[in-house]
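Below is one structure, written out as structure tokens; comments come after it.
Positions are given from 1, in the same order as the sequence printed here.
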Amino acid sequence: MTDTQRRGRRIMMTPEERDAYLGEQRTCRVATLAADGPPHIGALWFVWDGSSLWLYSITRSLRWSQLRKDPRIAVVVDDGVEYDELRGVELSGTAEFVGEAPRTGEPCPGLDVPERLFPAKYFGMEEMPHDGRHAWLRLTPDTITSWDFRKLADLSRQPPAEAPDLAR
């Protein structure tokens with residue numbers, strides 16, 4: 001996973017800002033690929049555990065079938081209305097299927113964290129409800145890009161850098 005990015009370093013989120021942001025946001029957009037190439041994008045709820053994004057997806061969805069054939073995935077979480085309010089995180093990598101599909105609640109130690117975070121975030125519950133239609137996808141990102149345009153105001157208040165002395 002990369003914590004740096006080439007462009008927009010001055011407006012990228014720190015790891016702490018990114019973790020807090022992903023903890024508070026509720027909806028992401030998930031991009032998958034069809035066998036013949038066209039992308040499919042759909043909204044989904046998620047939780048972030050500090051290193052992986054966990055997606056609770058319907059197993060009979062187009063997303064699920066596409067990821068079974070090609071596990072490459074990109075996810076965007078963003079918000080803001082005005083230009084100087086825009087912020088977000090893009091994560092990409094390979095989706096992993098974790099636990100039984102569909103999920104019925106069989107013991108799976110790898111799901112302890114997402115199944116604690118998800119019901120608290122979305123349902124105000126301590127235990128994960130299982131409906132026999134959803135299952136877990138984990139994205140441990142290869143790349144992360146973030147932006148927070150609210151930082152642009154701080155950049156415009158900074159004094160310009162001194163020009164190099166070319167006479168030397």
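One hydrophobic cluster, built from ILVMFWY side chains closer than 4.5 Å, holds both Leu44 and Val75. Linking ILVMFWY side-chain heavy atoms closer than 4.5 Å, directly or via other members, places Phe97 and Leu91 in a single hydrophobic cluster. Under the 4.5 Å side-chain heavy-atom criterion for ILVMFWY residues, a single connected hydrophobic cluster contains both Val98 and Val113. With hydrophobic clusters built from ILVMFWY side chains whose heavy atoms lie under 4.5 angstrom apart, Tyr122 shares a cluster with Val30. A continuous path of ILVMFWY side-chain contacts below 4.5 Å connects Leu139 to Leu117, so both sit in one hydrophobic cluster.
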For side-chain contact (heavy atoms from CB on, under 4.5 Å), just list the numbers for Val89 and Gln25, CA-CA rounded to whole Å, side-chain angles, deciding distance to a tenth of an Å, and then say yes or no. CA-CA 11 Å; Val89 178; Gln25 295 300 308; over 6 Å; no

Is there a side-chain contact (heavy atoms from CB on, under 4.5 Å) between Lys151 and Glu17 once you walk through the steps? CA-CA 12 Å; Lys151 293 181 178 186; Glu17 290 169 335; 2.8 Å; yes

Walk me through it: do Asp148 and Tyr21 pass the test side-chain contact (heavy atoms from CB on, under 4.5 Å)? CA-CA 10 Å; Asp148 186 345; Tyr21 179 77; over 6 Å; no

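Taking CG of Leu137 as the reference point, atom OG1 of Thr94 lies at 12.0 Å (rounded to 0.5 Å). Here the straight-line distance linking atom CG of Asp79 with atom CD of Glu85 works out to 8.5 Å at 0.5 Å rounding. Leu86 contributes atom CG, which lies 9.5 Å from atom CD1 of Ile11 (distance to the nearest 0.5 angstrom). Taking CG of Asp19 as the start and OG of Ser51 as the end, the distance is 9.0 Å to the nearest 0.5 Å. We find the CG-NE2 distance between Leu33 and His40 to be 11.0 Å, quoted to the nearest 0.5 Å.
In plain terms, the two heavy atoms of Pro141 and Ser52 that are nearest each other are CD-CA, 4.5 Å. Minimum heavy-atom separation, Ile58 to Ser61: O-OG, 2.8 Å. Closest non-hydrogen pair, Ala135 versus Thr59, comes out as CB-CG2, 3.5 Å. Taking each heavy atom of Ala95 and Ile73 in turn, the nearest pair found is N-CG2, 3.8 Å. Between Ile41 and Ala31, the closest heavy-atom pair is CG1-CB, 3.9 Å. The two residues Ala101 and Arg68 have their closest heavy-atom pair at CB-NH2, 4.5 Å.
Looking at heavy atoms from C-beta onward, Pro102 lies out of side-chain contact with Arg133 at the 4.5 angstrom threshold. At least one side-chain heavy atom of Trp45 sits under 4.5 Å from a side-chain heavy atom of Thr27. Arg103 is not listed as a side-chain neighbour of Met128, based on a closest heavy-atom distance of 4.5 Å or more. Within the 4.5 Å cutoff, no side-chain heavy atoms of Glu82 are placed close to those of Phe149. Between Ser57 and Leu67 the shortest side-chain heavy-atom distance does not fall below 4.5 Å.
Partners of Arg72 according to the salt bridge (charged side-chain N to carboxylate O under 4.0 Å, His left out) rule, which considers only residues two or more places apart in sequence or in another chain, are Asp70. The ring pair (Phe, Tyr, Trp, His ring centres under 6.0 Å) check on His130 picks up nothing, with sequence neighbours excluded. Evaluation of the side chain to side chain donor-acceptor pair (under 3.5 Å) rule for Trp64 yields no partner, not counting sequence neighbours.
When each of Arg18, Arg87, Lys121 is tested with Glu24 by the rule salt bridge (charged side-chain N to carboxylate O under 4.0 Å, His left out), just one qualifies, namely Arg87. Residue Pro114 is tested with Trp54, Phe46, Tyr56, Trp48 for a side chain to side chain contact (heavy atoms under 4.5 Å, CB included); the sole match is Trp54.
Judged by distance alone, with hydrogens and angles left aside, the side-chain atoms of Ser146 form a donor-acceptor pair with the main-chain N or O of Met13 at under 3.5 Å. Here the side chain of Glu106 pairs no donor or acceptor atom with the backbone of Glu100 at under 3.5 angstrom.
Residue Glu127 qualifies as open at atom CD: its count of foreign heavy atoms under 6.0 Å is 12 or below.
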